[in-house]
There are 4 protein chains.
Amino acid sequence: MKSSTAKTPDTSRRSERSRTAILQASMELVGEVGYNKLTIEAIASRAGVGKQTIYRWWPSKAAVLLDAFTATVDSDEYANGIPDSGDLEADLKAVLRATVDEFTDPSFEAPYRALAIAGAADAELAAQFAERLTGPGFAVYERRLRAAQEAGQVDPDLDLSLATELLLGPFQQRWMTYYRPLTYEFVDDLVDMALRAFAPR
Amino acid sequence: MKSSTAKTPDTSRRSERSRTAILQASMELVGEVGYNKLTIEAIASRAGVGKQTIYRWWPSKAAVLLDAFTATVDSDEYANGIPDSGDLEADLKAVLRATVDEFTDPSFEAPYRALAIAGAADAELAAQFAERLTGPGFAVYERRLRAAQEAGQVDPDLDLSLATELLLGPFQQRWMTYYRPLTYEFVDDLVDMALRAFAPR
Amino acid sequence: MKSSTAKTPDTSRRSERSRTAILQASMELVGEVGYNKLTIEAIASRAGVGKQTIYRWWPSKAAVLLDAFTATVDSDEYANGIPDSGDLEADLKAVLRATVDEFTDPSFEAPYRALAIAGAADAELAAQFAERLTGPGFAVYERRLRAAQEAGQVDPDLDLSLATELLLGPFQQRWMTYYRPLTYEFVDDLVDMALRAFAPR
Amino acid sequence: MKSSTAKTPDTSRRSERSRTAILQASMELVGEVGYNKLTIEAIASRAGVGKQTIYRWWPSKAAVLLDAFTATVDSDEYANGIPDSGDLEADLKAVLRATVDEFTDPSFEAPYRALAIAGAADAELAAQFAERLTGPGFAVYERRLRAAQEAGQVDPDLDLSLATELLLGPFQQRWMTYYRPLTYEFVDDLVDMALRAFAPR
DNA sequence: GTTTAAGCGAGACGGTACGTCTAGTCTTACG
DNA sequence: CGTAAGACTAGACGTACCGTCTCGCTTAAAC
């Protein structure tokens, strides 16, 4: 056998400056040219970095972008969770309306869609995408629903995980397939309909 | 502007033999190598056709594949609609279980996913995809729900279009993002939960 | 087996325009940057040609340069041979002095040296180099010596081939290794000494 | 200009162990893979040495190889000179036949050719090569010819330096350009022909 | 029936980006 | 400070496809 060494580079010597420049260049470029026309060469050039430095640390341009995107989001997004005013309907509508806004802002939408597409084409990447972005996103809804459940506002036997899918699936489907526009009205109606499914019997 | 002649080739002289060979080769190849590694050159070569013959009639490889896929589906799929046994729950579960099977069969899944991905990356294609595949698919659910509505089994004020999204969105989301496995149990639970949202008040 | 086809491109469809542009660009660039810094990419770029067009028709940059150089020389150089004034010594000195001039002109010397070096490193290329450049060059000397032999000016048993090597070897050695400068005096002395070896006994 | 310090490292602290390992690795590798595929990285790796240690002490891989090769030759080769049996022809044929053997042995030929090629491409290196290898080699022939001259066996006015070039030039030319094979017959004939040029008038 | 012009298979073309390789420099930790 | 190790910027390598562009050949429509 060749050997198990020679594979992984020494993380402790990694250039933080290069890493940062690459992630930033990726985010800039994906916004400028879109994912399909995003090239490793362009990232390297924009970042002032050798191509090899990218290939050394990431297996694909999707992986670069996932890191880049995660870096810009990680901090804030999932920390606080959904506010709990006691009014579930209002809270869900508020957060979903905010999400509509987010998915309407190209600087967020472009890289996120790029990643979603890359994930759809590559199950392994999809797993990472789910773990680092979708998963935490769903979790905050689940948490809010649990609070509502404990407050007796939704059915005590409700499967919260599936409930979250019921709520977010239609949203994600519209967005991903351009099936219909993402509007406040849509999410309001969606919440109304979903809450009827969640209601205590 | 260019003259209006140069644009559209003469459809009447088109070689049916070539057209068929191209569609068939596309379907074969997308199954063998996946969408990303599917190349026009390979399609042309497999079909025994010049590259130009493809470029003459289709604007992109996605368009080729859409035609190819549509050709294999068109006939049967949407003709009959969802059977109406009078038991909405049973009917929906039956058809969704069948859909699970379909989306688990690689020879169907591979090209369909390819198209979904291509659509996610290109709104124009997405429109065609919606019109020719998603739309008719959703319509059959809507029709069945309407029958149920007329039979008084679901709320008379229910927005049938949104209801269909509530039912199929979670399914599509799981499938597209590999979020979780598509199982009979999942669709059964999904139907159960959705029907509570649809129920007359 | 893969097949014996697919290898050789169709010569009849070759673009003469591209071929010419490539050869010319090669000659220009080798003069500007030298052989070691001559790159296929630069040739392609200068010639306004895709890299593949070079790789399609030549196996290496040395082969390109050999063609390029041969094309500039072929026509004239070896056609006439060495003039025969009846005075062997004068004729040899004249042609060798002319050769000194040639090897002192960088526009000739640079590509020729490049090829000689490439040949020294690759026996296969050396064979082509010998066949197309060195060989014909040696042959004209041999012919002139043969005339002298028939005129009784050199030993009738002289091995003309070896005699040519005796005459040109020291020249080539000086040039190739920068051992000492190539001057008129050197070639004059060389002819004088060699002729003593050629003289009838 | 940079300060004058930065240039030359402190020789007294140089690691002899590293120097030796580098030279040895160079000789091994040039025999194994040839000059063109000889890389600094491979030398460093084989020698168990950092690349910088090579770059610190040598300006190019050719310079490394020149040192490496010289180290293996220096001692013996030129010490004794050509034996003088009194029979010039026999002595020259003997030593040239031995040289044929040497240039037929790949373990000698490979690095020597590598250096010759590097020299042909770089006049500065060529000067070093001439001074340390070619020059001394030619000198031993000159010395033997001088002895013959003093013994009245060759023309007293013979230019011994040029005579040496006449003798070795054809040999070098054959070898360097693969023009024709290096055989005993060739060198015998070469000596015969050259001696006629050297003979007293 | 012949003519003629389009579509056709084939594949060379100018390009772009790929992922790999090596050069030569720079950084870190050690002795 | 020299060293071993190895990450870094830079850029050429040879390959794979892109979409366009001839080439002759075949073939259906218009004469």
Side-chain angles (χ1 to χ4, degrees), chain A residues 6 9-15 17-19 21 37-45 47-57 59-61, chain B residues 9-19 21 37-45 47-57 59-61, chain C residues 6 9-15 17-19 21 36-45 47-57 59-61, chain D residues 9-15 17-19 21 36-42 44-45 47-57 59-61:
Chain A
D10 182 343
T11 327
S12 70
R13 310 201 111 179
R14 183 169 189 180
S15 160
R17 148 189 274 281
S18 293
R19 194 187 132 272
K37 294 193 174 173
L38 177 65
T39 66
I40 299 271
E41 298 212 322
I43 296 171
S45 165
V49 136
K51 281 200 289 178
Q52 201 54 45
T53 300
I54 299 182
Y55 285 110
R56 182 156 31 236
W57 300 108
S60 67
K61 77 177 174 186
Chain B
D10 182 344
T11 326
S12 69
R13 313 196 75 179
R14 181 169 189 182
S15 160
E16 178 59 19
R17 148 188 275 281
S18 293
R19 194 187 133 273
K37 295 192 175 173
L38 177 66
T39 66
I40 299 272
E41 298 215 321
I43 296 171
S45 166
V49 138
K51 283 201 289 179
Q52 200 57 14
T53 300
I54 299 182
Y55 284 109
R56 187 174 300 116
W57 301 107
S60 67
K61 77 178 173 184
Chain C
D10 183 342
T11 328
S12 70
R13 308 202 115 180
R14 182 168 189 181
S15 160
R17 150 188 272 280
S18 294
R19 195 188 131 270
N36 281 333
K37 295 191 174 173
L38 177 66
T39 66
I40 299 270
E41 298 213 322
I43 296 172
S45 166
V49 138
K51 281 202 289 180
Q52 202 55 45
T53 301
I54 299 182
Y55 285 111
R56 180 152 36 231
W57 300 108
S60 66
K61 79 178 172 185
Chain D
D10 182 343
T11 327
S12 69
R13 312 196 67 180
R14 182 169 188 181
S15 159
R17 149 189 272 280
S18 293
R19 195 187 131 270
N36 280 333
K37 295 191 174 172
L38 177 66
T39 65
I40 298 272
E41 298 216 317
S45 166
V49 136
K51 283 201 291 179
Q52 198 61 304
T53 301
I54 299 182
Y55 283 110
R56 185 161 18 242
W57 299 108
S60 67
K61 79 177 171 185

How many Å lie between [atom1] on [X] and [atom2] on [N], as a whole number?
X	N	atom1	atom2	value
K37(A)	dC18(E)	NZ	P	14 Å
N36(D)	dC21(E)	CG	P	18 Å
Y55(D)	dC26(E)	OH	P	13 Å
R17(B)	dG9(E)	CZ	C1'	12 Å
I54(D)	dT25(E)	CD1	C1'	14 Å
I40(C)	dG15(E)	CD1	P	17 Å
E41(B)	dG11(E)	CD	P	12 Å

Using a cut-off of 6.0 Å, state whether more than 12 heavy atoms not belonging to R17(A) lie near its atom CZ.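 Counting neighbours around CZ of R17(A), 12 or fewer heavy atoms of other residues, nucleotides or ligands fall under 6.0 Å, so no.
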cation_pi(R14(A), W57(A)) dist<6.0 Å, angle<=45: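 Yes, R14(A) lies over the aromatic ring of W57(A).
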According to side chain to side chain donor-acceptor pair (under 3.5 Å), who are the partners of [X], at least two apart in sequence or on a separate chain?
X	answer
T53(B)	none
S60(A)	none
S12(B)	D10(B)

Would you list the protein and nucleotides 29-31 of chain E atom pairs, both N or O, that sit under 3.5 Å from each other?
none

At 4.0 Å (heavy atoms only), tell me whether R56(B) reaches a base, stays on the sugar-phosphate, or touches nothing.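 Counting heavy atoms under 4.0 Å across all strands, the contact made by R56(B) includes a base.
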With a 4.0 Å cut-off on heavy atoms, is T53(A) in touch with a base, just the backbone sugar-phosphate, or nothing at all?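 Touches a base.
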If you take atom types as modelled and just measure distance, does the side chain of Q52(C) reach the base of dC13(E) with a donor-acceptor pair under 3.5 Å?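 Not at all, since no donor on one side and acceptor on the other fall under 3.5 Å apart.
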Using the side-chain contact (heavy atoms from CB on, under 4.5 Å) criterion, which residues pair with T39(D)? Sequence neighbours excluded.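 Here the qualifying residues are E41(D), A42(D).
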Under 4.0 Å between a side-chain N/O of S12(A) and OP1 or OP2 of dT28(E), yes or no?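 No.
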When you measure from the side chain of K51(A), which nucleotide among dT20(E), dG7(E), dA17(E) comes out closest?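 Selected nucleotide (nearest to the side chain): dT20(E).
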Show the nearest heavy-atom pair for residues K61(D) and N36(D), with the distance to one decimal.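 Taking K61(D) first and N36(D) second, the nearest heavy atoms are NZ-O, 3.9 Å.
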Please tell me which of R14(A) and P59(B) maps to the more 5' nucleotide of DNA chain F, matching each residue to the nucleotide holding its nearest heavy atom.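 Of the two residues, R14(A) wins.
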Reading DNA chain F from 5' onward, which residue's closest nucleotide shows up sooner: A44(D) or T11(D)?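 Upstream on the strand: T11(D).
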Mind checking which nucleotides bracket the chain D contacts on DNA chain F, 5' to 3', with an atom under 4.0 Å from a heavy atom?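 That gives a stretch of dC1(F) to dA7(F).
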Would you give the length of the straight line joining atom CD1 of I43(B) to atom CD1 of I54(B), rounded to the nearest 0.5 angstrom?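 It is 5.0 Å, given to the nearest 0.5 Å.
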